[in-house]
Amino acid sequence: MKNIVIKGTGHFAPKRIVTNEYLSTIMDTSDEWIKTRTGIETRHYIDDDKCTSDLAVEAAKMAIKSANIKPEDIDLLVIGTSSQDMIYPSTACIVSDKLGLNRPMAFDLQAGCSGFVYGLSVATQFLRTGHKKIALIIGADAITRFTDFTDRATCVLFGDAAGAIILTTADDEEDAILCLYEGTDGSGAKYLTLPAGGSKEPASPLTVENRRHFLHMNGKEIFKFAVRISIHMITKMLEETGLSIDDIDHFVFHQANMRIIDAAVERMSFSKEKVIYTLNEYGNTSSASIPLTLSLASEQGRIKKGDIVLMVVFGSGLTYAGSIVRW
Ligand code: UT7
């Protein structure tokens with residue numbers, strides 16, 4: 001089995017920044033409510049003439065540059081997304097073309113916000129066996145295309161962005177992937193849905209009238225699930241690796257709600273200093289949330305070579321995934 005290394009990271013967020021104050025002018029909400037209930041202060045919105053593949057391409061370009069590899073050597077491209085450009089072809093095929101890749105295996109992975117970490121896990125299996133050699137894994141979402149601006153309980157949470165990572169096999173370096181953890185609790189599928197536009201409810205005047213092409217969420221149920229599953233994953237991954245909380249240099253949680261992160265940190269009693277937060281600036285960017293946070297922290301020099309990073313995420317499905325990596 002091959003060792004795997006993290007060769008490079010990249011991220012991209014659109015220029016347009018939307019503040020809580022602005023949202024307060026278009027709906028019945030307030031900066032105070034959003035900040036205290038979620039920790040979010042601003043988020044980035046995609047330009048009207050762009051789509052998810054455009055976000056993914058920018059993040060990928062940065063990752064390719066930082067990894068110092070040739071794009072044509074990438075033989076596996078996985079994009080975690082639930083806001084694909086269209087139902088088909090996959091966004092990965094479109095991104096592959098826009099980047100000028102050389103016919104890699106390319107596919108989208110739909111696991112809600114867990115898409116990127118699921119993708120990390122899938123790509124690891126391909127590299128470990130030597131079947132693929134250089135993987136580009138992207139988390140990209142333009143969720144604001146699907147948020148209902150008449151539903152204040154969901155639309156204030158989300159922003160658009162992409163994050164990317166390059167993994168390669170390496171014979172002469174320590175293995176970077178120390179642990180992978182994934183699962184699904186399908187009984188919670190009803191808590192976060194975009195009901196229409198698929199085979200169950202094809203688009204019709206009625207689906208449009210009933211706002212069925214927007215995201216619907218039971219925030220309270222997801223909140224409880226998120227705290228419980230984050231603690232569960234951290235505990236299991238530490239058990240599996242034999243690492244202690246003190247061995248972890250950085251915790252990267254899904255950037256959904258500051259109160260979810262803080263509840264998990266409090267129950268597990270570790271220092272908040274080790275937690276990397278980006279949700280105040282970017283909001284919940286779905287599948288981009290983890291790779292965006294990793295790439296920003298790496299760019300800022302906060303995550304350094306050799307550091308041990310633990311990440312956990314949850315999302316529509318309800319999916320969940322975690323990993324411990326050596327940077
Ligand atoms: O990656 C996807 C995963 N999704 C999530 O992680 C979501 C997890 N859940 C959450 O983050 C929280 O449940 C929310 C932020 C969505 C909601 O916070 P909450 O503390 O659970 O609020 P709530 O739904 O219980 O609502 C409390 C009150 C309600 O008013 P009443 O009925 O008490 O009068 C809501 O109508 O807050 C009201 N409210 C708002 N008020 C001002 C809901 N949204 C807003 C808003 N501005 N934007």
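Both counts, for ligands and for their atoms, begin at 1 and track the order of listing. In what follows, residues are counted from 1 in the order of the sequence shown.
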- Query: Side chain or backbone of T29 under 4.0 Å from ligand 1, or both, or neither, by non-hydrogen atoms?
  - Reply: both

- Report yes if the side chains of T144 and I46 come closer than 4.5 Å at any heavy-atom pair, otherwise no. yes

- Task: Give a yes/no on ligand 1: does R259 have at least one heavy atom closer than 4.0 angstrom to it?
- Result: yes

- Would I324 and I308 satisfy side chain to side chain contact (heavy atoms under 4.5 Å, CB included), going step by step from the backbone distance to the final call? CA-CA 7 Å; I324 301 179; I308 304 293; 3.6 Å; yes

- Of R128, K2, R326, the one forming a side chain to side chain donor-acceptor pair (under 3.5 Å) with D175 is R128

- Message: Heavy-atom distances under 4.0 Å decide this one: backbone, side chain, both or neither, for A153 against ligand 1?
- Response: both

- Query: Within the structure, does at least one protein heavy atom fall under 4.0 Å of atom 23 (P) of ligand 1?
  - Reply: yes

- Selected option - heavy-atom contact closest to atom 40 (C) of ligand 1, from Y191, F223, W33, F314: W33

- Query: Is there any N or O on I222 that sits under 3.5 Å from an N or O of ligand 1?
  - Reply: no

- Assert yes or no for the condition that the ring centre distance of F146 to H213 is strictly below 6.0 Å. no

- Task: Could you please spell out the steps behind the side chain to side chain donor-acceptor pair (under 3.5 Å) verdict for D108 and T81?
- Result: CA-CA 7 Å; D108 290 358; T81 185; over 6 Å; no

- Message: So, taking the atom named CG in L178 and the one named CG in L243, what distance separates them when rounded to the nearest 0.5 Å?
- Response: 6.5 Å

- Message: Return the CG to CG distance between N3 and D172, rounded to the nearest 0.5 Å.
- Response: 9.0 Å

- Message: Any atom of ligand 1 sitting under 4.0 Å from a heavy atom of A226?
- Response: no

- Give a yes or no on whether atom 6 (O) of ligand 1 lies under 4.0 Å from any heavy atom of the protein. yes

- Query: Backbone, side chain, both or neither: what part of H254 comes under 4.0 angstrom of ligand 1, heavy atoms only?
  - Reply: side chain

- Message: Polar contacts were defined as any N/O atom of the residue lying under 3.5 Å from an N/O atom of the ligand; does this apply to S30 and ligand 1?
- Response: no

- Query: Is atom 32 (O) of ligand 1 less than 4.0 angstrom from some protein heavy atom?
  - Reply: no

- Item | Region of N284 engaging ligand 1 - heavy atom pairs below 4.0 Å | side chain

- Item | Heavy-atom protein neighbour under 4.0 angstrom from atom 45 (C) of ligand 1 | yes

- Which one of I40, N20, N257 has a non-hydrogen atom at the shortest distance from atom 12 (C) of ligand 1? N257

